[in-house]
Colleague: 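My questions will all concern the structure given below.
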2 protein chains.
Amino acid sequence: MERKPAPRPAPVADTQPGPLDRHLRSYAGYNLKRASNIMQSNAARTLEPFGLRITTFSALSVIVDNPDVTQSQLAAGLNMERSNTVLIIDALEEANLIGRFRVPTDRRSYALRATLAGMKRRDAAAKALASAEEERLADLSMEERAQLVDLLRRIDPLD
Amino acid sequence: MERKPAPRPAPVADTQPGPLDRHLRSYAGYNLKRASNIMQSNAARTLEPFGLRITTFSALSVIVDNPDVTQSQLAAGLNMERSNTVLIIDALEEANLIGRFRVPTDRRSYALRATLAGMKRRDAAAKALASAEEERLADLSMEERAQLVDLLRRIDPLD
DNA sequence: CACTATTAGTTATGGAATATAGCTATATGC
DNA sequence: GCATATAGCTATATTCCATAACTAATAGTG
């Protein structure tokens with residue numbers, strides 16, 4: 001693809017100082033995304049030694065805390081499509097962290113239950129994750145962290 | 001795949017009340033991700049009528065504010081890989097919102113400049129985006145929004 | 001100046017998250 | 001009983017993000 005030369009010599013700097021994304025920084029969404037990305041990659045790195053990804057850890061965690069939850073309930077709780085839970089549940093089951101059990105009263109659905117290994121894995125990963133977050137958020141006081149979570153939850157209601 | 005029946009009848013509810021993701025809600029990262037997702041889909045919906053996606057809007061915005069920025073600088077500023085900027089820049093160029101201009105002093109790089117149409121498109125989209133955020137964050141006071149942004153930026157330093 | 005290393009942009013590719021449509025088996029409501 | 005809805009599953013497409021490798025051009029070093 002041919003491109004024209006600059007019509008005039010490129011100015012050395014006709015832009016104000018400061019970061020390139022100064023305008024974007026005025027959006028809450030942009031800052032949210034960047035902060036979220038940082039915490040996500042931090043979490044992924046932390047969970048990896050446990051053989052878990054963020055999605056599998058999240059599902060495992062919900063199953064540990066809510067024995068006999070169904071896949072549909074899990075999907076709804078985690079804000080994901082039912083179809084996308086299948087492979088995640090498959091992975092957890094193959095790793096013997098959870099089991100699928102037929103529900104006598106509704107043979108369409110499966111009751112999901114963590115195995116003992118699943119509970120242990122969740123607890124160990126949760127501990128590591130909490131301390132990784134702790135480290136990442138060291139610059140924020142406890143009050144600030146609490147306020148951050150409070151503000152975020154008010155953006156994402158549906159308690 | 002065959003599955004075993006439940007060894008005992010599924011308990012009606014041996015789980016505490018409340019949302020399924022109660023444990024996950026204790027992580028800042030989880031709340032960040034959920035809030036971020038909401039703002040992202042809100043932004044995507046808002047930008048769509050302008051023929052922009054979040055990535056193209058972000059790049060366009062940086063180029064408008066920083067004439068003659070290079071693709072590498074853009075990538076660094078937006079925390080993305082250089083290789084992934086190419087298609088985004090291609091799209092903006094094909095839509096005649098920006099142009100690639102050879103830099104006389106370094107013939108490897110391109111100076112990116114927004115066209116008049118690009119500037120107008122950015123401004124219109126930015127206005128829509130700001131008001132969409134405004135609407136989304138109506139529950140938060142101005143002070144709370146400012147504090148949210150401040151806390152987020154402290155998670156993502158590098159000013 | 002020659003040679004090496006580095007950089008800018010590009011291309012190709014793969015992984016992971018996400019969204020939709022359609023399928024089977026089962027359950028529910030009239 | 002029959003239409004409709006639901007649970008789980010399969011297949012598929014998209015988008016985002018990351019990596020590797022390539023070229024052309026530049027910078028550094030002897």
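For the numbers below, each heavy atom of this structure counts, side chains included, while hydrogens, waters and symmetry mates do not. Note on naming: letters A, B, ... go to the chains in the order of the sequence lines (proteins, then strands), and numbering restarts at 1 for each one. From a predicted model like this one, the values you see are computed outputs, not experimental measurements.
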Colleague: Calculate the interatomic distance between B/Leu87 atom CG and D/dT19 atom P; express it in whole Å.
Modeller: 18 Å

Colleague: On DNA chain D, compare the nucleotides closest to A/Gln71 and A/Asn37; which residue's is nearer the 5' end?
Modeller: A/Gln71

Colleague: Check whether any side-chain N or O of B/Glu133 sits under 3.5 Å from a backbone N or O of A/Gly29 as a donor-acceptor pair, and report yes or no.
Modeller: yes

Colleague: Rounding to a whole Å, what distance do you find between B/Ile54:CD1 and C/dT18:P?
Modeller: 14 Å

Colleague: Tell me: OH of B/Tyr110 to P of D/dT26, nearest whole Å?
Modeller: 12 Å

Colleague: Can a side chain N or O of B/Arg100 be found less than 4.0 Å away from OP1 or OP2 on C/dG9?
Modeller: no

Colleague: So, does A/Glu144 use its side chain to make a donor-acceptor pair with the main chain of A/Ser141 at under 3.5 Å?
Modeller: yes

Colleague: Should the pair A/Asp150-A/Arg154 be classified as a salt bridge under the 4.0 Å nitrogen-to-oxygen rule?
Modeller: yes

Colleague: What nucleotide among D/dC17, C/dG9, C/dT18 has an atom nearest to a side-chain atom of A/Lys33?
Modeller: D/dC17

Colleague: Can you give me the closest heavy-atom contact between B/Ile155 and A/Ile38, atom names plus distance?
Modeller: O-CD1, 3.7 Å

Colleague: Do side-chain atoms of B/Arg113 reach the backbone of B/Gly99 as a donor and acceptor pair under 3.5 angstrom?
Modeller: no

Colleague: Just the rounded figure in Å: distance from P of C/dT10 to CD1 of B/Ile89.
Modeller: 9 Å

Colleague: From CG of B/Leu112 over to P of C/dA8, roughly how many Å is that when rounded to an integer?
Modeller: 13 Å

Colleague: In whole Å, what is the span from the CD1 atom of B/Ile88 to the P atom of C/dT11?
Modeller: 14 Å

Colleague: Side chains of B/Arg102 and B/Tyr110: do they bring a donor and an acceptor to under 3.5 Å?
Modeller: yes

Colleague: With a 4.0 Å cut-off, would you call A/Arg25 and B/Asp156 a salt bridge?
Modeller: yes

Colleague: Would you mind classifying the nucleic acid contact of A/Thr85 as base, sugar-phosphate or nothing, using non-hydrogen atoms under 4.0 angstrom?
Modeller: nothing

Colleague: Each nucleotide in nucleotides 19-30 of chain C should get exactly one letter: B, S or -. Can you fill that in based on protein heavy atoms under 4.0 Å?
Modeller: BBB---BBS---

Colleague: Return the polar atom pairs (N/O with N/O) between nucleotides 1-3 of chain C and the protein under 3.5 Å, or none.
Modeller:
none

Colleague: Taking the side chain from A/Gln73 and the backbone from A/Thr70, do they hold a donor-acceptor pair closer than 3.5 Å?
Modeller: yes

Colleague: Is it the case that the side chains of B/Arg122 and B/Ser61 hold a donor-acceptor pair, with the cut-off being a distance below 3.5 Å and no angle test?
Modeller: yes

